Student: 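Before I ask anything, here is the structure I am working with.
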Amino acid sequence: VDDYPFLSGVSEEYDSLEGYLFAKTYDLGGTDMSADAVIRIMLNQYQSEVASLDFKSARTAIQNNYNISISDYGIIKLASIIEREALTDEERPLVASVFYNRLGRAFPGMGYVWPYLQSDATMMYVVEGEVTQADNQSDSPYSTYTNQNLPPTPICSPSLPSIEAAMAPADTKYYYFFINDKVHQFSETYEQHQ
């Protein structure tokens, strides 16, 4: 943390650098490097990639638009989920809007906030494969069906477009999405989603 202040919000309980080891092709040139040296290269790359991003303004906008107080670490956690859910850079801000709408806006017709992300991707991180309904209903801290808000750590190292989407979601009323290789559908209501 002394060398990388952006790590100050990382969960000590889980002791993970997940989310900050920036995914990129690195040429280590056949040199004999320690694990610590490789980790530092990846952390330096993360620091370089996000240097121009204004996390403080993003947190303020999210607070104003969704009534959600989110930390920089929370943004990275959400960006990691966006990374696993979206297939294209164009849909990343739309996926972000669905999650922020679920976390912060009143659910249409219900008058209450729906604080569950309900993302299968968070349990895929745990089971390392296809997720069942039983997996999603488990007591795992990564189940965003049974636990409100964000998981305890990022579930991958998000790309820059996913981080940007988590910082500046599209302005939508979407609460649902279905994305696969052929269908990219966003919906405002459960009926539309079905």
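Because the structure is a prediction, the values reported are computed rather than measured. Starting from 1, each residue takes its place in the sequence as its number.
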Student: Check the side chains of Thr132 and Asp135 for a donor-acceptor pair under 3.5 angstrom, ignoring hydrogens and angles.
Tutor: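 There is such a pair (donor and acceptor under 3.5 Å, judged by atom type) between the side chains of Asp135 and Thr132.
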Student: Using every non-hydrogen atom in the two residues, find where Tyr26 and Met42 come nearest and quote the distance to one decimal.
Tutor: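 It is OH-CA, 3.7 Å.
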Student: Which value, rounded to the nearest 0.5 Å, describes the distance between Gln137 atom CD and Ser143 atom OG?
Tutor: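 Reported value, rounded in 0.5 Å steps: 6.0 Å.
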Student: Contact between Leu28 and Ile41 at the side-chain level, heavy atoms closer than 4.5 Å - yes or no?
Tutor: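 Yes. Closest side-chain heavy atoms under 4.5 Å.
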Student: Taking the side chain as everything from C-beta on, heavy atoms only, tell me whether Tyr4 gets closer than 4.5 Å to Asn44.
Tutor: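 Heavy-atom side-chain distance check passes, below 4.5 Å.
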Student: Ignoring hydrogens, what is the shortest heavy-atom contact between Pro93 and Ala165? Give both atom names and the distance.
Tutor: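 Pro93 and Ala165 have their closest heavy atoms at N-CB, 3.6 Å.
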Student: Report the C-alpha distance between Leu94 and Val98 in whole Å, list the side-chain angles of each, state the deciding distance to 0.1 Å, and finish with yes or no for side-chain contact (heavy atoms from CB on, under 4.5 Å).
Tutor: CA-CA 6 Å; Leu94 296 171; Val98 168; over 6 Å; no
Student: Measuring from atom CG of Asn147 to atom OG of Ser140, what distance do you get when rounded to the nearest 0.5 angstrom?
Tutor: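 Taking CG in Asn147 and OG in Ser140, the distance rounds to 7.5 Å.
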Student: My understanding is that a hydrophobic cluster links ILVMFWY residues whose side chain heavy atoms are under 4.5 Å apart, including indirect links. Using that, what else belongs to the cluster containing Val183?
Tutor: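 Answer for Val183: Phe178.
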Student: Looking only at non-hydrogen atoms, find the nearest pair between Ser138 and Met123 and report the distance.
Tutor: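 Closest heavy-atom pair between Ser138 and Met123: OG-CE, 3.7 Å.
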Student: Under 3.5 Å, is there a donor on one side chain and an acceptor on the other for Thr122 and Ser119?
Tutor: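 Result is no, nothing qualifies.
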Student: Going from NZ on Lys24 to CD on Gln45, what distance comes out if it is rounded to the nearest 0.5 angstrom?
Tutor: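 Rounded to the nearest 0.5 Å, the NZ-CD separation comes out at 4.5 Å.
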Student: According to ring pair (Phe, Tyr, Trp, His ring centres under 6.0 Å), who are the partners of His184, at least two apart in sequence or on a separate chain?
Tutor: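 With sequence neighbours excluded, His184 shows a ring pair (Phe, Tyr, Trp, His ring centres under 6.0 Å) to no residue whatsoever.
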Student: Taking all heavy atoms of Glu83 and all of Ser162, pick out the closest pair and write down the distance.
Tutor: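 The pair with the smallest heavy-atom distance is OE1-OG, 2.6 Å.
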Student: So Phe22 and Leu43, side-chain contact (heavy atoms from CB on, under 4.5 Å) or not? Walk me through it.
Tutor: CA-CA 7 Å; Phe22 202 82; Leu43 291 173; over 6 Å; no
Student: Do you know the tightest heavy-atom contact between Pro152 and Pro141?
Tutor: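 Taking Pro152 first and Pro141 second, the nearest heavy atoms are CD-O, 3.3 Å.
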Student: Does a side-chain heavy-atom distance below 4.5 Å link Arg59 with Ile62?
Tutor: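 They are not in side-chain contact.
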Student: Taking the six-membered ring where the residue is Trp, are the ring centres of Tyr145 and Tyr116 under 6.0 Å apart?
Tutor: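 No, the ring centres sit 6.0 Å or more apart.
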Student: Could you go through Ile155 and Tyr142, starting from their C-alpha distance and side-chain angles, then the distance that decides it, and tell me whether this counts as side-chain contact (heavy atoms from CB on, under 4.5 Å)?
Tutor: CA-CA 9 Å; Ile155 60 168; Tyr142 288 89; 4.2 Å; yes
Student: Is the count of non-hydrogen atoms from other residues, nucleotides or ligands lying under 6.0 Å from Gln194 atom CD greater than 12?
Tutor: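 For Gln194, atom CD is crowded (more than 12 foreign heavy atoms under 6.0 Å).
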Student: State, with a plain yes or no, whether a side-chain heavy atom of Ile82 is found less than 4.5 Å away from one of Pro158.
Tutor: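 No - every pair of side-chain heavy atoms lies 4.5 Å or more apart.
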Student: To the nearest 0.5 Å, what is the distance between CG on Asp120 and CG on Leu117?
Tutor: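 Between Asp120 CG and Leu117 CG, I get 11.5 Å after rounding to 0.5 Å.
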Student: For Leu150 and Ile70, which heavy atoms make the closest approach, and how far apart are they?
Tutor: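 Shortest heavy-atom separation between Leu150 and Ile70 comes out as CD1-CD1, 4.3 Å.
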Student: Once you round to the nearest 0.5 Å, how far does OH of Tyr66 lie from CG of Asn101?
Tutor: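 Answer for the OH-CG pair, Tyr66 versus Asn101, is 5.0 Å.
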Student: Determine whether a donor-acceptor pair (N or O, by modelled atom type, separation under 3.5 Å) exists between the side chain of Ser97 and the backbone of Pro169.
Tutor: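 Between the backbone of Pro169 and the side chain of Ser97 there is no qualifying donor-acceptor contact (under 3.5 Å).
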Student: Verify the ring-centre separation between Phe177 and Phe99: is it less than 6.0 angstrom?
Tutor: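 Yes, ring centres under 6.0 Å apart.
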Student: Side-chain contact test, heavy atoms from C-beta onward, threshold under 4.5 Å: evaluate it for Lys56 versus Asp72 and give yes or no.
Tutor: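 They are not in side-chain contact.
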Student: Can you tell if the side chain of His193 reaches within under 4.5 Å of the side chain of Tyr175, non-hydrogen atoms only?
Tutor: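 No, every pair of side-chain atoms sits at 4.5 Å or beyond.
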Student: Classify the side-chain pair Gln192/Ser187 by whether it contains a donor and acceptor separated by less than 3.5 Å.
Tutor: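 The criterion, which ignores hydrogens and geometry beyond distance, is not satisfied for Ser187 and Gln192.
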Student: Once you round to the nearest 0.5 Å, how far does CD1 of Ile81 lie from CG of Leu78?
Tutor: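 Output value for this atom pair is 5.5 Å.
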Student: Decide yes or no for Glu91 and Ile179: does some side-chain heavy atom of the first lie under 4.5 Å from some side-chain heavy atom of the second?
Tutor: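 Heavy-atom side-chain distance check passes, below 4.5 Å.
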Student: Side chains of residues 13-20: which donor-acceptor partners sit under 3.5 Å, not counting sequence neighbours?
Tutor:
unit_1, atom_1, unit_2, atom_2, d
Ser16, OG, Glu18, N, 3.0
Glu18, OE1, Tyr125, OH, 3.2

Student: Closer than 4.0 angstrom, basic N to acidic O: yes or no for Arg92 and Glu164?
Tutor: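 No salt bridge links Arg92 with Glu164.
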Student: Taking Tyr46 as the fixed residue, which of Leu21, Leu160, Ile163 is the one that meets the side-chain contact (heavy atoms from CB on, under 4.5 Å) rule?
Tutor: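 Of all the options given, the one that passes is Ile163.
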Student: What do the steps show when you test Ile68 against Tyr100 for side-chain contact (heavy atoms from CB on, under 4.5 Å), and what is the final call?
Tutor: CA-CA 8 Å; Ile68 296 172; Tyr100 280 119; 3.8 Å; yes
Student: Are any of the side-chain nitrogens in Arg40 or Asp3 under 4.0 Å away from the carboxylate oxygens of its partner?
Tutor: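 Looking at Arg40 and Asp3, the cut-off is met.
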